[in-house]
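A short worksheet on the structure shown next.
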4 protein chains.
Amino acid sequence: MPRSSESTQQQTATPEPGRGRTEKRDLILDAAITVFARQGYHGARVSDIAREAGIAYGLVYHYFKNKEEILSTIFDERWGGFLEAVETIAAGSAPASDRLLSVAALVLNGFQLRPDWVKVLVLEIQRSSRFSEPAQLRAVGRLLDAVERVVRDGQAAGEFRSDIDAGVATYLFMGALDFVITSLVLGVKRIEGGEQDQRAYHLTVAQGLLEIFLNGIAKEGGD
Amino acid sequence: MPRSSESTQQQTATPEPGRGRTEKRDLILDAAITVFARQGYHGARVSDIAREAGIAYGLVYHYFKNKEEILSTIFDERWGGFLEAVETIAAGSAPASDRLLSVAALVLNGFQLRPDWVKVLVLEIQRSSRFSEPAQLRAVGRLLDAVERVVRDGQAAGEFRSDIDAGVATYLFMGALDFVITSLVLGVKRIEGGEQDQRAYHLTVAQGLLEIFLNGIAKEGGD
Amino acid sequence: MPRSSESTQQQTATPEPGRGRTEKRDLILDAAITVFARQGYHGARVSDIAREAGIAYGLVYHYFKNKEEILSTIFDERWGGFLEAVETIAAGSAPASDRLLSVAALVLNGFQLRPDWVKVLVLEIQRSSRFSEPAQLRAVGRLLDAVERVVRDGQAAGEFRSDIDAGVATYLFMGALDFVITSLVLGVKRIEGGEQDQRAYHLTVAQGLLEIFLNGIAKEGGD
Amino acid sequence: MPRSSESTQQQTATPEPGRGRTEKRDLILDAAITVFARQGYHGARVSDIAREAGIAYGLVYHYFKNKEEILSTIFDERWGGFLEAVETIAAGSAPASDRLLSVAALVLNGFQLRPDWVKVLVLEIQRSSRFSEPAQLRAVGRLLDAVERVVRDGQAAGEFRSDIDAGVATYLFMGALDFVITSLVLGVKRIEGGEQDQRAYHLTVAQGLLEIFLNGIAKEGGD
DNA sequence: CATGAATGAGGCTTCATTCAT
DNA sequence: AATGAATGAAGCCTCATTCAT
């Protein structure tokens, strides 16, 4: 399922003769991500996507059965890639806390590199009622499973406390990450400054999250 | 997905003479929540809401300017009540950690009592692009502010560590809570058993979240 | 092609307050018959029907699920009436040959009075592949059955020869009638002159058909 | 409905080098007949025809200007052959009644041998509004003319009564035949049994039709 | 000849909203 | 206050046809 295709082309309206079948398909997917991110799934017309891709809208229906299938394809292929990356990290041999930091950094950097992808995943897919379709629930479940495995690894290795439910801890960690991303996506928290500032900010946030997750906010010896 | 969409009111098509203006208005709002929870905002027709409320659909426009206003009214009135409750808790004098536990319990119990309300708030309002409208951003902001104030109180009182950014901590806490709610709403995690089991489960989750939030997952003395 | 498309009602854009729900529905059906007769089912746009009926095209969908349902409703209601008339004649006590003459006259007069109805029945319904749907096949079957019963009555009464298969005779009779109607509808045979001429012509044809049907074309004593 | 749409040719996607221009063209026509018979003209996509023929749909436009031309070509070439056969029979020197029997047998056997051809001719060409186009009206007219000539021959030879209008008699004869065919095509009348039974049935029907046509259904000496 | 990617006009249908009663 | 008939803008989708390769 995971077909993580790095489409590296920036679409122009002028036809580029060298493109093959797959590339045109990706062109449409990229355009759809851009438009979905800008207007939302329901607010996006198929013709908007086609215009963004620089093609006739009829062509969309050569590659996708309908508008819905575009969205679910984005989910399958893009989320799939992300999921693989997370699972690779999770399966690593680094200390559990380092792996969690890597996941957090992956998520936050993902947003920085491909904000539209993340925006669509977060707003239109993950939260939509479409999200409740089995295949997609399962995909989210796999993500949670991967992280939970890291937590259990940490507990087994004596790195994490064993008196805490791994599932709850996973919820806490991923929920926090998700909330940060959503806030960034929606612009609740606006970050001023250039790319360097953003990268620095993301790192700070990731480290802050992990610090609390690891050591808690209570004063040492408190509680 | 948990069957959380049962109508909480059984309307009949026969007019009930005793109802006044306000009651009919609420009837529509309740019906809208039920239908939005079931079908989503975009998937809900005005006629669906009217049928659920047992009235003619033209009548909806006596009470609300348009469909959009129904949603924002739900937001204002229902979210408003929730927000006030949270702010009341936040303004209390109990220890910061107790206040956070109360907030968590409030949220989780809210889901248990009125799953449709929470579902609509979470899926259709909070996450929608409407969320980025100033009034509603402000409302979410107020919620974050209230919780952040609790965190700062805890830091000021020496209850919480001061070397952690209060904003990040707030994100972590609310994000975790939000994620749990979303998972419950979408049925990622299914809870078997009767109402007692659910209540117990919610309490366990709330306490687990707080425990990590306070003391971290790392082994004492570890790191 | 015979001018068979005169609207049976002259719609105006001004609403006629006296019309009730049923009348508006019939207005649409009548308009549809006119338009289907003129342009064929596939060539008729829903907006054409609405314009012919003097209403907004959206209103069509208050009364009918879709375009297809308009056609099948025409079939059910109009063909149903015709079928009843034929069955009434068939169940009569007149000599079989008189009853057959009455059927022929009914059919031919029906064409004269409501050419559009007949045209749609003949061209768009009876012959279409839609015709092969069970309900409609059965309806045509009922027509054949009614006529076949008359033939059998005639045989039982000693009026008709018993050495001929009643089914084949029915085919012959109805087929001939049908072919005449189709030719008239399609204008293969054009009839000059006024209404009197048409009526006279139809009578001639009906009597000619019956004469052959009864006595054959072979010279007396021939064969 | 009788399953009469089995492809009579099994095309493969692999090119067959031996085929020349004409063969590929016929391949398309045969495929079109199969598809038109199955789905009707309007319900048949050009791509359906191409798939049935085992070629790319673009190639259809090398052989035919458009979809419409495919249908009219079928009409011209297939109906043309049938028309010639009928005219040959009609021009013969056999007794008129024998010639009519031959025509009836030709038609009924044609259906038996090439049900799809007849189905398309009957349903899509003859009855369509296309039928009212001059060239095609003329073709049907020629058929009627040929049969009418036989009837007149019979009258001139003293074989048929002269007091009956030859046109009406022709309508009766061809209409009956047509109706039988249509019923067979649409499956109103289902014939059980093997090929032998069908052939026998067709012969019976043809003879029955002719018997009535010649001698009438009225009891000898009756009327 | 052959392919099938590309085009875009055209039509059906939905549904929020208005309005006469 | 209540009804639901009426309106029509908007958008999805189909599919015949063209065209570059």
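Nothing here was measured: the structure is a model prediction, and the numbers come from that model. Here is the naming used below: chain letters follow the sequence lines, and residue numbers restart at 1 for every chain. The figures that follow rest on heavy atoms only: side chains count, while hydrogens, waters and symmetry mates do not.
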Query raised in the report: In the strands shown, is F:dA1 matched to any nucleotide by a Watson-Crick or G-U wobble pair with both distances under 3.5 Å, and which?
Result: none
Query raised in the report: What integer distance in Å separates A:Lys65:NZ from F:dC15:C1'?
Result: 17 Å
Query raised in the report: Among F:dT17, E:dC12, F:dC12, which nucleotide sits nearest the side chain of A:Arg45?
Result: F:dC12
Query raised in the report: Do the side chains of A:Ile70 and A:Phe36 get nearer than 4.5 Å, heavy atoms only?
Result: yes
Query raised in the report: When the distance from CZ of C:Phe64 to C1' of F:dA6 is rounded to whole Å, what number comes out?
Result: 15 Å
**Report entry** Atom-to-atom span, NE2 of A:His42 to C1' of F:dC12 - whole angstrom
**Finding:** 13 Å
Query raised in the report: Are C:Lys67 and C:Tyr61 in a cation-pi setup, meaning NZ or CZ lies under 6.0 angstrom from the ring centre and within 45 degrees of the ring axis?
Result: no
Query raised in the report: In terms of the nearest nucleotide of DNA chain E, which residue is placed more toward the 5' end: C:Tyr57 or B:Gly58?
Result: C:Tyr57
Report task. On DNA chain E, check which nucleotide each of C:Ser47 and C:Leu59 is closest to and give me the residue with the more 5' one. Result -> C:Ser47
**Report entry** Shortest side-chain distance from A:Tyr61, nucleotide among F:dT3, F:dC12, F:dT17
**Finding:** F:dC12
Query raised in the report: Contact class for C:Ala50 vs. all strands (heavy atom < 4.0 Å): base, sugar-phosphate, or nothing?
Result: nothing
Query - Residue pair C:Asn66, C:Val60: steps toward the side chain to side chain contact (heavy atoms under 4.5 Å, CB included) verdict - result: CA-CA 8 Å; C:Asn66 51 34; C:Val60 170; over 6 Å; no
**Report entry** Nearest-angstrom distance from the residue atom NE2 of B:His62 to C1' of E:dT21
**Finding:** 12 Å
Report task. Specify the separation, in whole Å, of atom CD of B:Glu68 and atom P of E:dA16. Result -> 12 Å
Query raised in the report: Does a salt bridge link C:Arg45 with C:Glu52, judged by any charged N lying under 4.0 Å from a carboxylate O?
Result: no
Report summary line: Whole-Å distance, D:Lys24 NZ to E:dA2 C1', equals 8 Å
Query - Nearest-angstrom distance from the residue atom CG of B:Asp48 to P of E:dT14 - result: 13 Å
Report summary line: Ranking F:dT17, E:dT7, F:dG8 by distance to the side chain of C:Ala56, first place goes to F:dG8
Requested in this report: Round to the nearest Å and state the distance from A:Glu23 atom CD to E:dA6 atom P.
Outcome: 11 Å
Query raised in the report: How about A:Arg78 and A:Thr73: do any of their side-chain heavy atoms sit closer than 4.5 Å?
Result: no
